[in-house]
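Just so we're clear, the structure is a prediction, and the values are computed from it rather than from any experiment. Order of the sequence lines sets the chain letters (A, B, ...), proteins ahead of strands, with each chain counted from 1.
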Amino acid sequence: MVSSKDVAKFAGVSQSTVSRVLNNPRLVDAKTFEKVTKAMKELNYRPNSIARSLVKQQTQSIALISGPLHNPFFVETTTSIVNYSKERGYNVNVHFENFGDNMAVYQDVLNQKVDGIILSSILYEDPIYEELIKSEVPFIMFNRKHKKNGHYVEMDNVQAGRIATEHLLSLNHRKIVWIGGPLSMTTFKGRFDGFKEVMLEKGIEVSDHNCKTTDTSKSDIKKVLQEVLAVKERPTAIFAATDSIAIYLIDLLIEKGYRVPDDISVIGVDNIALSQHNSFQLTTVGMEEEKDLGRIAIEHLIEIINEAPADFINKTYKNKLYNRSTTKKI
DNA sequence: TCCCCTTTCGTCTACGGACC
DNA sequence: GGTCCGTAGACGAAAGGGGA
């Protein structure tokens, strides 16, 4: 492999002059600059980024721990995180949350010596929080948060749960089932709490029969839906805790011969781009400003890496209803 | 076999010398 | 005094060498 030493020898200068040409060209005479760049071209020289990071104590790389890509929300956030990072000169190493055991993922990430971590995988009481703090690598949580605080950006999940439930109640639905992911994740917990609050305010009981959790995979959602539909008085509406779950549910309902919303209403949360698709027109709850949480989080992470703010960045965004075609008055 | 010390890799940069 | 360029040391991990 060609090094800056080889370039220096070829151009008849010192290695530090080659380094200057790359990093501080204004300190180099025009003729020397030309000689060195010509040598770089001739030898097809590419700077060694590992050696560079050794000196600079910065790797120009960020680790992203994303939720599963079967949820289009994470496709959108991953895309915007990767694109924005690239604009700012960072590479992104993408990892995926592993339901049940994230420790191996975290260990991988911490071994990589990245400049920052952006994650949507943390649980409310996750022990990894302490390890992340100890590692001194800046990190930000998006769409999730930890009980001990830290930097995070999220939508107001409780409010989102309230808006979705209030909408279904306003359409005269009373038999409403909430279907979401594990309540150890603040996203689902918040959306469930909002649901529960509004249901109790209306005097409607919330228990195992109208609150179902899944691992968010299509197969598990199918199993849960079968349980929901098997009861004598089936629900007239489903509050899916994410648009991804809502889209799976609609697909499964159609497969079983149900019409949405004529037989059963479905509402989601997140307002992902796919929810606006003409074949879905999914009624959903999303942020008031149609912003991407992933993008907001990566902007803040890069700010944290460069400026190390004294206080934690805690941003919670308000939501509104996006009333489309999958809910109906009964 | 184990432990400790040294060397190696490629790069950046503080410092200082040479030159005009 | 300003500009340009070279020297030397530092960075972290891994491999190598030598001694116990």
Open item on the list: Output one letter per nucleotide in nucleotides 7-16 of chain B: B when a protein non-hydrogen atom lies under 4.0 Å from the base, S when only the sugar-phosphate is that close, - when neither is.
Closed with: ---BBBBB--
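Note that the first and last nucleotides of DNA chain C, 5' to 3', having any atom under 4.0 angstrom from a heavy atom of chain A are dC4(C) to dA13(C).
For the salt bridge (charged side-chain N to carboxylate O under 4.0 Å, His left out) test, no residue two or more places apart in sequence or in another chain qualifies with Asp29(A). Every residue was checked against the side chain to side chain donor-acceptor pair (under 3.5 Å) condition with Asn306(A), not counting sequence neighbours, and none meets it. Legend: residues meeting side chain to side chain contact (heavy atoms under 4.5 Å, CB included) with Ser219(A), ordered by chain and number and at least two apart, are Ser217(A). Every residue was checked against the salt bridge (charged side-chain N to carboxylate O under 4.0 Å, His left out) condition with Lys222(A), not counting sequence neighbours, and none meets it. Taking Ala237(A) as the reference, Leu168(A), His173(A), Ile176(A), Ser265(A) meet the side chain to side chain contact (heavy atoms under 4.5 Å, CB included) condition, with sequence neighbours excluded.
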Hey, can you pull the donor-acceptor pairs under 3.5 Å for the side chains in residues 292-304 of chain A, sequence neighbours left out?
unit_1    : atom_1 : unit_2    : atom_2 : d
Asp292(A) : OD1    : Ser80(A)  : OG     : 3.4
Asp292(A) : OD1    : Gly294(A) : N      : 2.7
Asp292(A) : OD1    : Arg295(A) : N      : 3.3
Asp292(A) : OD2    : Ser80(A)  : OG     : 2.9
Arg295(A) : NE     : Glu299(A) : OE2    : 2.6
Arg295(A) : NH2    : Glu299(A) : OE2    : 3.4
His300(A) : ND1    : Glu303(A) : OE1    : 3.3
His300(A) : NE2    : Lys315(A) : NZ     : 3.3

What side-chain donor-acceptor pairs closer than 3.5 Å can you find for residues 41-48 of chain A, not counting sequence neighbours?
unit_1   : atom_1 : unit_2   : atom_2 : d
Asn48(A) : OD1    : Ile50(A) : N      : 2.9
Asn48(A) : OD1    : Ala51(A) : N      : 3.1

Task: Full working for side-chain contact (heavy atoms from CB on, under 4.5 Å) between Glu130(A) and Lys148(A) - done: CA-CA 9 Å; Glu130(A) 299 295 346; Lys148(A) 290 198 173 167; 2.3 Å; yes
Open item on the list: For a salt bridge (Lys or Arg N to Asp or Glu O under 4.0 Å) check, start with the C-alpha distance between Lys9(A) and Asp6(A), then their side-chain angles and the critical distance, and finish with the verdict.
Closed with: CA-CA 5 Å; Lys9(A) 199 173 172 187; Asp6(A) 300 320; over 6 Å; no
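Taking five base pairs at each end of the helix from dT1(B)-dA20(C) to dC20(B)-dG1(C) and finding the rotation axis that steps the C1' atoms of four pairs onto the next four gives two axes whose angle is 50°, to the nearest 10°.
A donor-acceptor pair under 3.5 Å is formed between the side chain of Asp115(A) and the backbone N or O of Thr59(A).
For residues 124-144 of chain A, every residue pair satisfying the ring-ring contact (aromatic ring centres under 6.0 Å, His included) rule, not counting sequence neighbours, is listed here: Tyr129(A)-Phe139(A), Tyr129(A)-His146(A).
Residues of residues 28-38 of chain A that place a heavy atom closer than 4.0 Å to DNA chain C, in numerical order, are Val28(A), Asp29(A), Thr32(A).
Looking only at atom types and distance, the side chain of Ser121(A) has no donor-acceptor partner in the side chain of Arg144(A) under 3.5 Å away.
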